[in-house]
Amino acid sequence: PTSAFTNAFTNAKAGMEGVDREMVKRVVHDMSVNSAHFATESRKEAAVEAKILAMKKRAASIRPSALATIKAAVDDRVARMEASRDLTKTWVHVDMDSFFASVHILERPELRDVPMAVGGMSMISTANYAARKFGVRSAMPGFIAKKLCPQLVFVDSDFAKYKHYASLTREVFKEYDPQFDAGSLDEAYLEISAYCAGKSMTPADVAEALRREVREKTKLTCSAGVAPTRRLAKVCSDANKPDGQMVIEPTRDAVAALLSSLPVRKIGGVGKVLDRTLAAFGIATCGDLLRERALVVALFSEVQSDFLLGVAIGVGGEARPARPPGWAPQRKSLSQERTFAPTADARALAAKIAALAEEVAAGLARENLLTRTVTLKMKRADFEVAQRQTSLPRPTNDAQTISDAALRLFRGEKNTHGSLRLLG
DNA sequence: TACATACAC
DNA sequence: AATGGTGTATGTA
């Protein structure tokens with residue numbers, strides 16, 4: 001049977017309209033099926049299926065009376081969320097169009113019309129629209145992409161360039177919302193209700209102006225979504241890619257109309273596993289989620305059901321995160337990991353661990369940080385991952401101390417690790 | 001605290 | 001021949 005993860009690269013994505021998805025699926029499957037990677041992915045999938053089966057059993061054992069009780073409580077929860085709905089904020093999610101690829105095209109315009117991907121034979125991070133027509137897309141191994149599109153050209157990534165262009169976009173974002181929130185190099189959330197009021201402009205016009213200014217300052221295009229919550233703005237920025245935008249009017253009805261048929265997978269935070277889990281209970285859209293809310297509450301943790309109920313009615317992510325003046329993001333971890341040709345040579349592996357520890361120590365020093373916990377990550381040649389962790393007696397940024405701790409963890413694993421393809 | 005998993009980009 | 005790297009959150013024991 002075609003394993004579900006071979007569908008990973010065939011999901012609808014901007015620029016992939018008209019792609020022969022069955023053909024792409026077949027190529028991906030054929031190129032993968034005899035690999036160690038495929039075997040491990042299949043095993044992981046089986047684990048997910050088992051988890052889903054256990055949930056189904058649990059669902060089947062819920063008595064109708066219990067479900068009725070839950071239903072009443074859920075409706076109460078939903079009513080409270082509904083009462084907290086805030087339609088006064090105007091969020092814009094700006095998302096640069098195939099950012100890395102577009103940056104390279106700026107400097108080499110001839111790459112616009114030839115299929116091109118940033119990355120190499122093992123992995124690609126972005127593809128231009130000419131390549132997407134062939135089913136090539138981000139997170140796809142390059143050798144599979146090359147099979148789908150033999151003319152595909154690879155370009156090495158260049159983060160210095162991306163950072164440069166990201167800073168230009170941020171200059172623009174700042175004018176519209178000085179407190180804008182950049183999640184990554186190529187996207188940001190802005191809350192523009194004050195800007196709209198001050199300029200007497202509609203949110204749609206502001207989004208148009210912002211996109212025009214980004215294009216003028218960077219020669220790059222972006223897409224935007226406008227909505228009363230961040231979550232919905234993000235959904236909208238994807239809807240009319242590339243170089244497009246979408247607005248959800250700030251009314252309960254407009255939000256509900258959009259959600260009724262919106263696939264849950266479109267929501268940030270709903271990934272492959274949650275999507276499949278929900279699908280097993282007949283939940284494919286946010287509308288389904290709302291209809292099956294009692295089941296959702298019965299089956300999922302409180303944290304997760306809070307999230308899912310909010311998704312179902314379009315509430316959540318309207319308030320700007322409370323940040324005292326001078327606030328800076330506090331990092332919780334700092335890591336280095338590297339993939340290499342699989343080896344079981346303990347001395348070579350130990351040398352890699354020492355080198356990684358040096359890099360981590362340098363990173364800690366650069367940011368004036370100390371660590372109390374050291375984690376060693378190992379990926380075996382068969383793609384199985386294991387992590388071992390230890391707490392140090394006192395915080396440090398000393399390379400030798402970090403290296404020694406990691407090497408102790410490594411030696412403790414010696415019997416089991418065999419050949420490794422990654423250390424971190 | 002240790003470890004695994006899910007997710008985003 | 002060939003499937004990445006960095007960081008956060010959450011569940012469970």
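Worth saying up front: this structure is predicted, and the values here are computed from it rather than measured. Chain A is the first sequence line, chain B the second, and so forth, proteins listed ahead of strands; every chain is numbered from 1.
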One character per nucleotide, please: for nucleotides 3-9 of chain B, 5' to 3', B when the base has a protein heavy atom closer than 4.0 Å, S when only the sugar-phosphate does, - otherwise. BS-SSSS

Scoring nucleotides 5-12 of chain C by protein non-hydrogen atoms under 4.0 Å (B base, S sugar-phosphate only, - none) yields SBSBSSS-

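Across the protein-nucleic acid pair, Leu420(A) atom CG and dT3(C) atom P stand 15 Å apart, rounded to whole Å. For the pair Glu384(A) CD and dT3(C) C1', the computed distance is 15 Å after rounding to whole Å. Summarising the geometry, the separation between CD1 on Ile124(A) and P on dA2(C) is reported as 18 Å, rounded to the nearest angstrom. Between Met121(A) atom CE and dA2(C) atom P the separation is 12 Å, expressed in whole Å. In this structure, the CZ atom of Phe340(A) is 13 Å from the P atom of dT3(C), given to the nearest Å.
With respect to the salt-bridge test (charged N to carboxylate O, under 4.0 angstrom), the residues Arg26(A) and Glu22(A) do not qualify. In this structure, Arg85(A) does not pair ionically with Glu318(A), as no charged nitrogen and carboxylate oxygen lie closer than 4.0 Å. Ion pairing between Arg331(A) and Glu367(A) holds under the 4.0 Å rule for side-chain N and carboxylate O.
Of the listed residues (Gln245(A), Arg230(A), Glu187(A), Arg231(A)), just one forms a side-chain hydrogen bond (donor to acceptor under 3.5 Å, both in side chains) with His93(A), and that residue is Glu187(A).
With sequence neighbours excluded, the residues forming a side-chain hydrogen bond (donor to acceptor under 3.5 Å, both in side chains) with Arg291(A) are Asp288(A), listed by chain and number.
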side-chain hydrogen bond (donor to acceptor under 3.5 Å, both in side chains), that's the test. Do Thr169(A) and Glu171(A) meet it? Break it down for me. CA-CA 5 Å; Thr169(A) 67; Glu171(A) 290 296 307; over 6 Å; no

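Listed pair Arg421(A) / dA2(C) fails the phosphate criterion, with no side-chain N or O lying under 4.0 Å from OP1 or OP2. Considering only side-chain N and O atoms, Ser391(A) lies under 4.0 angstrom from the phosphate OP1 or OP2 of dA2(B).
Under the 6.0 Å distance and 45° angle rule, Lys174(A) does not count as a cation-pi partner of Phe180(A). At least one cation-pi condition fails for Arg170(A) and Phe173(A): the charged atom is not both under 6.0 angstrom from the six-membered ring centre and inside a 45 degree cone around its axis. Cation-pi geometry between Lys56(A) and Phe281(A) is met: the NZ or CZ atom falls under 6.0 Å from the ring centre, inside 45° of the normal.
Rounded to the nearest Å, the gap between the C1' atom of dC7(B) and that of dG4(C) is 15 Å.
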